[in-house]
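The analysis underlying the following values was restricted to heavy atoms, covering all of them including side chains, and did not include hydrogens, waters or symmetry mates. Indexing begins at 1, ligand by ligand and atom by atom, following the structure's order.
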Amino acid sequence: MDAFYDQGTLVAVLTTQPLDRLLDYRAPEGGCFQGAFVEVPLGPRKVLGVVWGPGKGDFDYAKVRSVIRVLDAVPMRDELRSFLERAGDYTLTPMPAMLRLATRAPGLGEAPSMRRIYRLGEGEPPRLTDARRRVLDVLRDMGGLALTQGELAEAAGVTPSVIKGLAKTGAVREEDAPRDTPFPRLDADYGGKDLAEDQAKAAEVLRAGAASGRYGTVLLKGVTGSGKTEVYLEAVAEALRQGRQALVLLPEIALTAEFLTRVEARFGAKPAEWHSGVTVTERRRVWKQVAQGGAQLVVGARSSLFLPFRDLGLIVVDEEHDTSYKQDEGVLYNARDMAVLRASICSAQVVLASATPSLESWANADAGKYTRLDLTSRFGAAVLPEMRSLDMRGEDLPSNRWVSPTLQAAVRARIAKGEQAMLFLNRRGYAPVTICRACGHQIGCPHCDARMVEHRFLQRLVCHQCGETIPKPETCPSCGAEDKLAAVGPGVERLAEEAAALFPEARLAVLSSDLFGSARALKEEIVRIAEGGADIVIGTQLVAKGHNFPLLTLVGVIDADLGLQGSDLRAAERTFQLMRQVAGRAGRAEKPGVALLQTYQPEHPVIRAILSGDEEGFWKAEAEERRAAGMPPYGRLAGVILSSTDVQEVFDLGNAMARQDAALRRVGAQVYGPAPAPIARVRGRHRVRLLVKAPKGVALQPALAEWAGQFRLKGELRMAIDIDPQNFF
Ligand code: ADP
Ligand code: ZN
């Protein structure tokens with residue numbers, strides 16, 4: 001039982017305000033539990049906080065103010081408090097920022113009550129204005145779900161009076177509904193499939209883990225289509241039977257819809273959903289029900305790791321190698337690693353599922369820290385796609401064309417058979433570079449050290465760093481020449497243009513994250529394609545992530561060499577994963593698939609490893625190189641990015657940090673830099689980076705904290721420390 005503080009006792013409260021310490025308050029009338037969510041006065045304001053422990057008492061008691069009220073929410077459990085502390089220590093994040101991650105739901109303190117909601121009614125209104133039609137469209141899109149007036153008005157871009165007017169006509173129904181109701185119960189034995197032999201064996205291990213009540217991590221490595229999802233749903237079922245909660249993390253919101261349908265088929269009802277596409281009202285409901293136990297399963301994005309679970313027994317990290325698990329703004333954490341940390345604190349099981357695990361997880365399994373389970377063949381009749389390289393040196397291709405004759409012929413053959421082909425190019429927009437043919441000037445972003453990328457669909461040039469857009473100029477901004485600006489290089493939009501010319505009869509679909517206004521629109525397009533609504537799918541890395549296209553039998557990779565350029569530590573690993581994932585889209589159903597990789601360097605060891613499918617060989621070689629260089633996962637890295645509008649100021653600080661490195665040297669760590677960051681200017685701020693490299697097993701974070709703590713950040717200067725950096729920009 002958690003500590004209880006009687007009225008008037010001093011308690012230390014952690015708030016979400018950026019202060020570097022806990023604040024003492026007096027417990028309110030009626031007292032409060034440790035972990036209670038409270039409202040406290042701070043200067044003239046009232047702020048949210050959590051009772052973190054007994055007060056320090058280092059402040060004049062007469063001046064200590066009282067907690068205003070205890071909020072109507074389940075107190076934060078010890079388990080979550082230690083998780084926040086340890087995750088904060090690991091990522092060097094101040095506790096107020098950690099608490100903000102754990103309280104991302106509005107109106108936490110409001111009492112349960114009724115609220116007015118709106119759903120689709122009957123008939124058409126007598127007068128169908130544009131605004132009214134938008135409201136009805138939004139409600140139809142929601143598929144029967146109800147929204148509050150505010151949500152509906154915002155989604156439809158109308159004033160509340162439009163909704164009121166529609167409600168009077170009956171086309172929209174107005175109801176009172178209780179807030180924050182529990183989610184429907186999931187039935188662990190509702191719709192399990194008969195598992196194949198290797199699936200059943202793997203499921204048995206996962207089930208035993210979930211039943212053990214102890215911590216453990218399993219790496220579930222299975223080729224695409226082997227039934228990893230079916231298998232880990234058995235672990236979810238076992239957690240539910242044990243009366244514990246489960247969390248499934250997905251790397252991409254667009255994947256949730258397909259997954260929810262599978263959960264419903266397996267457990268008879270939909271689980272709770274938590275990501276940025278969920279309305280605030282629903283988020284509040286999820287947060288509360290997770291704490292009360294009225295949500296047994298949550299499917300969500302990385303931030304769902306910070307939900308106040310009542311009794312979390314299982315965390316699945318699907319596509320665990322996916323780089324989007326690393327949050328790269330604000331609190332810099334890796335959800336995969338934090339999942340393992342939280343599970344170890346709350347005695348839960350972790351399942352890391354992937355066809356192409358990260359080297360980190362592979363090494364942890366290799367070292368015996370994780371249990372490894374392998375599914376080596378596709379389920380049922382489906383076989384893995386055959387993979388071949390297309391040597392571009394031997395292809396006859398005019399300039400500004402990217403689909404080789406051999407690939408063209410393969411695409412035509414598939415379409416003739418009524419099957420689908422995919423052309424993969426990991427570059428958004430029309431062309432990566434716009435150059436003036438008169439003076440050679442390349443159009444760059446005014447705020448960043450980056451080129452502007454032409455997006456013909458938007459008819460603008462876009463900076464992929466800061467999002468700045470400008471209309472495509474008619475004349476060269478440098479020399480003023482007219483009609484001399486030329487697009488150089490391919491993006492998916494340009495590839496689509498080429499495909500339309502090459503295959504005029506084919507129905508094309510382009511999948512790129514920037515072409516869809518909403519996750520819902522993207523989801524609908526994916527369903528349409530899966531049902532055969534397109535002959536050729538043209539896509540960026542969005543298409544590599546787990547979507548199921550049963551008719552797809554050919555994948556053509558336009559530029560397999562793209563990821564191999566550059567000096568990124570993970571270039572080989574990423575290319576290997578991405579190519580195998582994309583190829584895995586082909587032949588997921590009965591028809592066998594082929595993947596063709598266009599490359600100028602078919603002898604490159606990474607390309608050879610991709611084609612041969614000798615994964616263990618690839619991982620071993622990659623691991624050996626990293627071990628020899630003392631690089632992760634066999635050594636540790638931390639990135640430091642300094643930025644300011646004043647270039648001199650950043651370099652001065654960078655140089656001072658490199659000189660005053662005693663705290664780091666004491667633990668055997670070394671500082672490299674300062675050097676201009678690979679993207680040396682973003683949003684008008686100059687960026688300088690230092691890299692800290694340390695042997696594995698040293699206490700790096702305290703040393704980093706001591707080192708960085710020597711420097712005061714004046715004026716415009718900012719410092720971000722990234723533990724285990726994934727990207728080197
Ligand atoms: P993965 O997650 O490894 O890519 P999935 O779990 O999505 O694989 O399985 C691929 C396809 O095979 C899915 O359509 C899935 O429903 C089907 N499948 C897998 N295992 C079984 C099974 N034991 N019985 C019936 N269908 C299965
Ligand atoms: Zn920019």
Side-chain angles (χ1 to χ4, degrees), residues 188-207 218-238 246 248-252 254-268 271 297 299 314-322 351-358 361 372-385 420 422 523 526-527 529-532 541-553 555 577-593 595 613 615:
D189 302 311
Y190 180 83
K193 292 202 165 85
D194 289 332
L195 298 182
E197 202 183 317
D198 58 339
Q199 293 179 336
K201 267 198 209 134
E204 192 42 51
V205 176
L206 295 186
R207 238 182 268 127
V218 175
L219 173 59
L220 176 62
K221 180 180 180 305
V223 298
T224 47
S226 58
K228 289 184 292 299
T229 313
E230 301 299 336
V231 170
Y232 73 61
L233 285 178
E234 293 311 305
V236 172
E238 187 57 36
V248 175
L249 297 178
L250 300 177
E252 175 87 43
L255 291 171
T256 33
E258 191 184 324
F259 187 76
L260 295 181
T261 313
R262 287 180 77 165
V263 168
E264 198 173 8
R266 176 65 185 80
F267 299 115
L297 170 63
V299 174
L314 173 74
I315 308 175
V316 177
V317 185
D318 201 359
E319 310 284 353
E320 67 91 31
H321 62 279
D322 199 290
V351 178
L352 305 176
S354 174
T356 54
S358 60
S361 299
R372 176 163 160 182
L373 298 174
D374 280 61
L375 299 174
T376 51
S377 60
R378 283 193 162 176
F379 176 75
V383 290
L384 280 171
Q420 285 174 332
M422 172 184 285
K523 180 192 89 185
I526 287 169
V527 170
I529 295 171
E531 287 169 353
Q541 75 170 9
L542 187 69
V543 300
K545 297 188 183 184
H547 303 291
N548 237 328
F549 299 124
L551 299 172
L552 186 77
T553 55
V555 170
Q577 286 162 344
L578 188 59
M579 292 299 113
R580 305 240 2 137
Q581 290 280 342
V582 175
R585 297 304 114 215
R588 301 257 309 182
E590 299 83 48
K591 302 186 181 90
E615 295 181 59

With sequence neighbours left out, write down each residue that passes salt bridge (Lys or Arg N to Asp or Glu O under 4.0 Å) with Glu230, or none if nothing qualifies. Lys193, Arg262

Under 3.5 Å side-chain donor-acceptor pair for Gln581 and Thr224: no

Residues 200-207 side chain polar contacts: donor-acceptor under 3.5 Å, at least two apart:
from, atom 1, to, atom 2, distance (Å)
Glu204, OE1, Arg207, NH1, 2.7

Glu319/Lys228 salt bridge by N-O under 4.0 Å criterion: no

Check salt bridge (Lys or Arg N to Asp or Glu O under 4.0 Å) between Lys221 and all other residues, then give those that pass, not counting sequence neighbours. Glu615

Please check if the side chain of Ser361 supplies one atom and the backbone of Ser358 the other of a donor-acceptor pair under 3.5 Å. no

Put together the list of close N/O pairs, under 3.5 Å, between ligand 1 and the protein, could you?
from, atom 1, to, atom 2, distance (Å)
ligand 1, 2 (O), Thr229, N, 3.3
ligand 1, 2 (O), Thr229, OG1, 2.8
ligand 1, 3 (O), Ser226, N, 3.3
ligand 1, 3 (O), Ser226, OG, 3.4
ligand 1, 3 (O), Gly227, N, 3.1
ligand 1, 3 (O), Lys228, N, 2.9
ligand 1, 3 (O), Lys228, NZ, 2.8
ligand 1, 4 (O), Gly225, N, 2.8
ligand 1, 4 (O), Arg588, NH1, 3.4
ligand 1, 6 (O), Thr229, N, 3.2
ligand 1, 6 (O), Thr229, OG1, 3.4
ligand 1, 6 (O), Glu230, N, 3.4
ligand 1, 6 (O), Arg262, NH2, 2.9
ligand 1, 7 (O), Arg262, NH1, 2.8
ligand 1, 7 (O), Arg262, NH2, 3.4
ligand 1, 8 (O), Gly227, N, 3.0
ligand 1, 16 (O), Glu230, OE2, 3.0
ligand 1, 20 (N), Gln199, NE2, 3.0
ligand 1, 23 (N), Asp194, O, 2.8
ligand 1, 23 (N), Gln199, OE1, 2.9

